[in-house]
Engineer: 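Structure in structure tokens, see below.
Only heavy atoms go into these numbers, but all of them, side chains included; no hydrogens, no water, no symmetry mates. Chain letters run A, B, ... following the sequence lines, proteins first, then strands; residues in each count from 1.
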Amino acid sequence: MLQPHLIKAHKEQYIQALKKRNIEAGALLDKVLTLDEQRRATQTQLDEILAESNRLSRAISVLYKKGEAEQAATAKEQSSQLKIQSKGLSEKLIQVSKELEELLYTLPNIPHESVPSGKSDQDNEEIFREGTIPDLSASNLPHWELAKKYDLIDFELGNKISGAGFPVYKGKGARLQRALIAYFLDKNTQAGYKEYELPLLVNEASGYGTGQLPDKEGQMYEIPKDNLYLIPTAEVPLTNLYRDQLLEEKDLPIALTAYTPCFRREAGSYGADVRGLNRLHQFDKVEIVNIVKAENSYGKLNEMVEHVKVILRELNLPFRILRLCGGDLGFTSALTYDFEVYSTSQERWLEISSVSNFETFQSNRLKLRYRDKENKKHLVHTLNGSSLALPRVLAGILENYQTMDGILIPEVLRPYTGFDKIV
RNA sequence: AGAGAGGUGGCCGAGCGGUCGAAGGCGCACGCCUGGAAAGUGUGUAUCCGUCAAAAGCGGAUCGAGGGUUCGAAUCCCUUCCUCUCUGCCA
């Protein structure tokens, strides 16, 4: 959530930056400033009346002790009048504040200066590419056919017990999933991330804290009876661990990781894009979250990018890194790098990780601050990234490691799988 | 799910209608004492909002949350959430 005082100070800059998201924000920002002005003016008026009311109350107490009942009665009458006034102002304050908050909820984060303009994923900027695309002239099946051939994943069974987008992993397929989760968690904890196991259902406040609500309500599965949501990513419970906290400077930086299943309703996309593991309602992901001081957040973002790079390098998968353009940038993010693995059989790039800096956008909603040595309070910067999302990594491995007589397992995973080939 | 008890500052814990943002203790910070430390001792130690260029100061709000009674609520009433104990159910 943006902060009115910063909007005031950097209005023109914000308007320009939001143009990268193809948003004309001038009128909206003016509306924010007007509402904020109203809010503060109302607060000041209300405070004055309450101050007078408090003075009277104290006076009444003194009058009673002296036994001056008549004067006390007069004061009571005055106080009652003030109360009527304060009630009106107090309602106005609540109303204006609510209006301001609702407006702020509709405004996305300000893109970082390095974010390119653009309308869609076509305009994302490739900044890095590594790995060799294997020659699959001998054997070249897409992962959903490989999954069937080697009996690793059963989409029909998932369809029967749940519905489309809920795959069933079997045998070595299931074992490979477990191996990937363990391997990713190990890489993350070795890099200093603290491991968590988290609730998969969260309350409404958590949804607001990380920005899934009210913006992306339709993306989450809901359990209205208990007013809970299934998490679309571990980011939600992991970051919300620190909601409403005032940290000490020495507590920072904080680095967290967790494996969770993720649940996404993802309505509205059909065809080849969603075949096999490409898009699912339930999938596994290992997430990393960083909570840092503002001055360190872009350095940390680069560290996260390097961290994910190392993992993909170890898995020996061909990948590239994109800097997302304004039109493709997530609502809460200031700068996002997407990692994509090349799916040789599908002849397309598959997104497998998204690493973002939210600056203060989340921490402002979360009320997550730290106190420095001078006792001043600052919002922290929050960052997160997938490290990594499983299904498309699995797709990439199956497709890129296929041979005539089986699928090889990447070296680094063999200690986790206990086998080196799927035949 | 049923019955009971309770939610107060970083923590423990008093207060049960009138200068209560809240006694006392612990913890923490700084000072004194000490060769150094412990002990002892003194001082300080919540958050948010407004006013201000900013700080200080001043004003307002906050004792789980929301509402009510009252001139005045941590204290009384209602609603709600959470925790604990017992019973039930259960991996």
Engineer: Which value, in whole Å, describes the distance between the P atoms of nucleotides B/A55 and B/A65?
Structural biologist: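 Looking at atom P only, B/A55 and B/A65 are 27 Å apart.
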Engineer: Could you tell me which nucleotide pairs with B/A5 by Watson-Crick or G-U wobble geometry, both distances under 3.5 Å, or answer none if nothing does?
Structural biologist: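 Across all strands, the one nucleotide that pairs with B/A5 is B/U83.
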Engineer: For nucleotides B/A73 and B/A1, find the distance between their C1' atoms and express it as a whole number of Å.
Structural biologist: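 Result for the C1' pair: 35 Å, nearest Å.
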Engineer: Would you indicate what A/Lys8 reaches in the nucleic acid, counting non-hydrogen atoms under 4.0 angstrom: base, sugar-phosphate, or nothing?
Structural biologist: nothing
Engineer: Provide the Watson-Crick or G-U wobble partner of B/U75, both distances under 3.5 Å; none if there is no partner.
Structural biologist: none
Engineer: Check whether any side-chain nitrogen or oxygen of A/Lys83 sits under 4.0 Å from OP1 or OP2 of B/G72, and answer yes or no.
Structural biologist: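 Yes, within the criterion.
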Engineer: Does the structure show a Watson-Crick or G-U wobble partner for B/G35, both distances under 3.5 Å? Name it, or say none.
Structural biologist: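 For B/G35, the partner nucleotide comes out as none, under the 3.5 Å rule.
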Engineer: Which nucleotide, B/G18, B/G59, B/C49, lies nearest any side-chain atom of A/Arg39?
Structural biologist: B/C49
Engineer: Distance check: side-chain N/O of A/Lys377 vs OP1/OP2 of B/C49, anything under 4.0 Å?
Structural biologist: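 For B/C49, neither OP1 nor OP2 has a side-chain N or O of A/Lys377 closer than 4.0 Å.
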Engineer: For B/G17 and B/G72, measure between their C1' atoms and round to the nearest Å.
Structural biologist: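 The answer is 8 Å between these two C1' atoms.
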Engineer: Take the protein atom CZ of A/Arg58 and the nucleotide atom C1' of B/G59, then report the distance between them rounded to whole Å.
Structural biologist: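 Those two atoms, CZ and C1', are 11 Å apart.
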Engineer: Below 30° counts as parallel, above 60° as perpendicular, anything between as tilted: where do the rings of A/His281 and A/Phe166 land?
Structural biologist: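 Rings of A/His281 and A/Phe166: tilted, as their planes differ by 30° to 60°.
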Engineer: Can you tell me how far P of B/U47 sits from CG of A/Leu368, to the nearest Å?
Structural biologist: 15 Å
Engineer: Which is true for A/Leu56 with a 4.0 Å heavy-atom rule: it touches a base, it touches only sugar-phosphate, or it touches nothing?
Structural biologist: nothing
Engineer: A/Leu246 side chain: which of B/A61, B/C71, B/U47 is closest?
Structural biologist: B/U47
Engineer: Report the distance from atom CG of A/Leu93 to atom P of B/G59, rounded to the nearest whole Å.
Structural biologist: 20 Å
Engineer: Determine whether a donor-acceptor pair (one donor, one acceptor, N or O, separation below 3.5 Å) exists between the side chain of A/Asp47 and the base of B/G59.
Structural biologist: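 When only heavy-atom distances are counted, A/Asp47 does reach the base of B/G59 through a donor-acceptor pair under 3.5 Å.
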Engineer: For B/C30, which nucleotide in any strand shown is its Watson-Crick or wobble partner with both distances under 3.5 Å?
Structural biologist: B/G42
Engineer: Write down the distance between CG (A/Asn227) and P (B/C81), rounded to a whole number of angstrom.
Structural biologist: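 About 11 Å, once rounded to whole Å.
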Engineer: Looking at every non-hydrogen atom in both residues, tell me the closest pair between A/Ala234 and A/Ala258 and how far apart they are.
Structural biologist: CB-O, 4.3 Å
Engineer: Measure from CD on A/Glu48 to C1' on B/U51 and round the result to the nearest Å.
Structural biologist: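 So the CD-C1' distance, A/Glu48 to B/U51, works out to 9 Å.
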Engineer: What interatomic distance, in whole Å, is found between C1' of B/U83 and the corresponding atom of B/U8?
Structural biologist: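 It comes out at 15 Å once rounded to the nearest Å.
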Engineer: For the CD1 atom of A/Ile291 and the OH atom of A/Tyr242, what is their distance to the nearest 0.5 Å?
Structural biologist: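 Separation between the atoms: 6.0 Å.
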Engineer: Applying side chain to side chain contact (heavy atoms under 4.5 Å, CB included) between A/Asp121 and each of A/Leu322, A/Asp328, A/Asp338, report the one that passes.
Structural biologist: A/Asp328
Engineer: In whole Å, measure the gap between the C1' atoms of B/G15 and B/G7 for me.
Structural biologist: 15 Å
Engineer: Using Watson-Crick or G-U wobble geometry with both distances below 3.5 Å, tell me the partner of B/C90, or none.
Structural biologist: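 Looking at the geometry, B/C90 pairs with no nucleotide.
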Engineer: Suppose you measure atom C1' in B/G4 against the same atom in B/C11; what distance do you get, rounded to whole Å?
Structural biologist: 27 Å
Engineer: In the structure shown, which nucleotide is the Watson-Crick or G-U wobble counterpart of B/U19, with both distances under 3.5 Å?
Structural biologist: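 Check on B/U19: unpaired, no WC or wobble geometry under 3.5 Å.
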Engineer: Under a 3.5 Å cut-off for both distances, is B/C11 Watson-Crick or wobble paired, and to whom?
Structural biologist: B/G25
Engineer: Look at A/Glu249 together with A/Lys373 and state whether they make a salt bridge at an N to O cut-off of under 4.0 Å.
Structural biologist: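 Yes, this pair counts.
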Engineer: Could one point to a donor on the side chain of A/Lys367 or the base of B/U47 with an acceptor on the other under 3.5 Å away?
Structural biologist: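 Side chain to base: no pair present.
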Engineer: Indicate, with a heavy-atom threshold strictly under 4.0 Å, whether A/Ser57 touches base, sugar-phosphate, or nothing.
Structural biologist: base
Engineer: Is there a side-chain contact between A/Arg371 and the phosphate of B/U47, meaning an N or O under 4.0 Å from OP1 or OP2?
Structural biologist: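 So the side-chain polar atoms of A/Arg371 do come within 4.0 Å of the phosphate oxygens OP1 or OP2 of B/U47, strictly under.
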Engineer: Rounded to whole angstrom, note down the C1' distance from B/C82 over to B/C71.
Structural biologist: 34 Å
Engineer: Let me know, please, whether A/Glu52 or A/Ile94 comes out on the 5' side of the other along RNA chain B by nearest nucleotide.
Structural biologist: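 The residue closer to the strand's 5' end, by nearest nucleotide, is A/Glu52.
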Engineer: Which part of the nucleic acid does A/Arg55 contact within heavy-atom distance under 4.0 Å: base, sugar-phosphate only, or nothing?
Structural biologist: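 Nothing: the residue A/Arg55, judged by heavy atoms under 4.0 Å, touches no strand.
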Engineer: So which heavy atom on A/Arg392 is nearest to which on A/Asn278, and how close?
Structural biologist: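 Of all heavy-atom pairs spanning A/Arg392 and A/Asn278, the closest is NH2-O, 2.7 Å.
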Engineer: Can you tell me if the side-chain N/O atoms of A/Arg40 get under 4.0 Å from OP1 or OP2 in B/U51?
Structural biologist: yes
Engineer: Could you pick out which residue, A/Asn375 or A/Lys76, lies toward the 5' side of RNA chain B when each is mapped onto its nearest nucleotide?
Structural biologist: A/Asn375
Engineer: Measuring only the P atom in each nucleotide, how far is B/G10 from B/G64? A whole number of Å is fine.
Structural biologist: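 One P to the other, the span is 13 Å.
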Engineer: Identify whether any heavy atom of A/Ala75 sits under 4.0 Å from a base atom; if not, whether one sits that close to sugar-phosphate; answer base, sugar-phosphate or nothing.
Structural biologist: nothing
Engineer: Across all strands, who's sitting opposite B/G59 as a Watson-Crick or G-U wobble pair, both distances under 3.5 Å?
Structural biologist: B/C49
Engineer: Using the six-membered ring wherever Trp is involved, compare the ring planes of A/Tyr208 and A/Tyr105 and label them parallel, tilted or perpendicular (cut-offs 30° and 60°).
Structural biologist: tilted
Engineer: How many Å lie between CD on A/Gln3 and C1' on B/C48, as a whole number?
Structural biologist: 14 Å
Engineer: Respond yes when some side-chain nitrogen or oxygen of A/Asn54 is under 4.0 Å from OP1 or OP2 of B/A61, and no when none is.
Structural biologist: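 Yes, such a contact exists.
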Engineer: The side chain of A/Ser61 lies closest to which of these nucleotides: B/C71, B/G18, B/C49?
Structural biologist: B/G18
Engineer: Rounded to the nearest angstrom, tell me the gap between atom CG in A/Leu50 and atom P in B/U51.
Structural biologist: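 One finds 16 Å between P of B/U51 and CG of A/Leu50, rounded.
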Engineer: CG of A/Asp226 versus C1' of B/C82: gap in Å, rounded?
Structural biologist: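 Between C1' of B/C82 and CG of A/Asp226: 15 Å.
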Engineer: Any Lys/Arg nitrogen of A/Lys187 or A/Glu314 sitting under 4.0 Å from an Asp/Glu carboxylate oxygen of the other?
Structural biologist: yes
Engineer: Output yes when A/Lys376 and A/Glu374 qualify as a salt bridge under the 4.0 Å nitrogen-oxygen rule, no when they do not.
Structural biologist: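 Result for this pair is no, no salt bridge flagged.
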Engineer: Of all the choices, B/G50, B/G68, B/G18, which nucleotide is nearest to the side chain of A/Lys87 once you look at every atom?
Structural biologist: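 Looking only at heavy atoms from C-beta outward on A/Lys87, the closest nucleotide is B/G68.
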